[in-house]
Amino acid sequence: MEFVPVTEEAQYLAPGDEERKYLEKRLETLRSESDEMVLLSFPGDELAIGGCMAAGREFFHINSHGGAEPCPFSPYSDINVRNTSLKEAIRSRLFEMLREEHLLEQEHTGGCVLFAHRNEVEQIMAQLPQKTGC
């Protein structure tokens, strides 16, 4: 896992191209040596799978209140796992809209694509009925 900035001020701390190449090679080595484990690089594997793994494509994040969020770096939720099943949560309207709008496939310069496009995510959230407890 690489550092993912969640503020503009921290952007300079994100790994650059050379550092990401090093991380990719190191992960390749670890994968070849550890065939009993599944190793995912977040967000490093995004290019290989065609975009962000979040919002129910490969995983989602559950916050401390039970809100199902696209990922820890995109803290928005429209459904709570305390009131629904994980199957329903993975099909939340927010996740569906992020996929329909192809936001998970957008270009970005590293880190979290949803953080980079947070204005678009906020516009989607504004379209959804507001729920409490997420």
Side-chain angles (χ1 to χ4, degrees):
M1 182 167 184
E2 66 186 62
F3 175 76
V4 178
V6 292
T7 65
E8 294 296 328
E9 296 79 29
Q11 200 72 19
Y12 76 97
L13 295 170
D17 291 338
E18 289 303 312
E19 290 131 333
R20 274 195 221 90
K21 285 179 189 172
Y22 169 80
L23 290 171
E24 286 173 24
K25 286 182 183 186
R26 183 69 184 122
L27 184 60
E28 226 176 88
T29 301
L30 289 171
R31 285 175 173 158
S32 69
E33 295 171 351
S34 309
D35 59 351
E36 301 89 30
M37 291 192 301
V38 175
L39 300 169
L40 288 175
S41 173
F42 175 75
D45 283 334
E46 290 179 349
L47 288 176
I49 67 158
C52 179
M53 295 183 267
R57 286 190 72 218
E58 301 292 328
F59 71 86
F60 64 92
H61 179 254
I62 300 172
N63 68 29
S64 62
H65 303 288
E69 301 172 340
C71 80
F73 310 107
S74 186
Y76 303 99
S77 179
D78 68 333
I79 198 163
N80 194 298
V81 297
R82 292 180 180 171
N83 309 321
T84 191
S85 70
L86 290 176
K87 237 180 194 179
E88 288 177 86
I90 211 163
R91 293 189 306 254
S92 84
R93 187 66 188 128
L94 170 61
F95 294 175
E96 286 177 4
M97 289 179 77
L98 291 172
R99 292 188 297 261
E100 288 168 8
E101 296 293 321
H102 302 286
L103 272 177
L104 303 170
E105 302 157 22
Q106 294 291 320
E107 290 290 321
H108 60 100
T109 58
C112 176
V113 67
L114 295 177
F115 177 74
H117 294 275
R118 61 192 170 281
N119 292 335
E120 291 97 317
V121 176
E122 289 173 0
Q123 289 172 1
I124 288 172
M125 281 300 296
Q127 297 173 39
L128 297 172
Q130 297 303 308
K131 293 188 179 183
T132 59
C134 295

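A donor-acceptor pair is defined here as one N or O able to donate and one able to accept, closer than 3.5 Å; such a pair exists between the side chain of Arg118 and the backbone of Phe115. Put simply, the side chain of Asn80 gets close to the backbone of His65: a donor and an acceptor are under 3.5 Å apart. Of the possible donor and acceptor atoms, one in the side chain of Ser77 sits under 3.5 Å from a partner among the backbone N and O of Ala68. In terms of modelled atom types and a separation under 3.5 Å, the side chain of Arg20 and the main chain of Pro15 share a donor-acceptor contact.
Pairs passing the salt bridge (Lys or Arg N to Asp or Glu O under 4.0 Å) check and including a residue from residues 28-37, sequence neighbours excluded, read Arg31-Asp45.
To the nearest 0.5 Å, the span separating NE2 on His117 from CD1 on Ile124 amounts to 11.5 Å. Note: Met97 CE to Gln123 CD = 10.5 Å, rounded to the nearest 0.5 Å. Distance check, rounded to the nearest 0.5 Å: CZ of Arg93 to CD of Glu100 gives 4.5 Å. Note: Leu98 CG to Glu105 CD = 11.0 Å, rounded to the nearest 0.5 Å. Rounding to the nearest 0.5 Å gives a distance of 11.0 Å between CD of Glu96 and CD1 of Ile90.
Taking every heavy atom of both residues into account, Leu114 and Pro70 meet most closely at CD1-CB, 3.5 Å.
Both Phe95 and Leu86 are members of a single hydrophobic cluster when ILVMFWY side chains are connected at heavy-atom separations under 4.5 Å. Clustering ILVMFWY residues whenever any of their side-chain heavy atoms sit less than 4.5 angstrom apart, transitively, puts Leu30 in a cluster other than the one holding Val38.
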After noting the C-alpha distance and the side-chain angles of Glu18 and Lys21, does the key distance pass the salt bridge (Lys or Arg N to Asp or Glu O under 4.0 Å) rule? CA-CA 5 Å; Glu18 289 303 312; Lys21 285 179 189 172; 3.7 Å; yes

What verdict does the side-chain contact (heavy atoms from CB on, under 4.5 Å) test give for Ile79 and Leu94, after you've listed the backbone C-alpha separation in whole Å, the side-chain angles of each residue and the deciding distance to 0.1 Å? CA-CA 8 Å; Ile79 198 163; Leu94 170 61; over 6 Å; no

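Contact annotation: the side chain of Tyr76 approaches that of Glu122 to within less than 4.5 Å [non-hydrogen atoms, C-beta and beyond].
By the neighbour-count criterion of 12 heavy atoms within 6.0 Å, atom CZ of Phe59 is densely surrounded, having more than that number from other residues, nucleotides or ligands.
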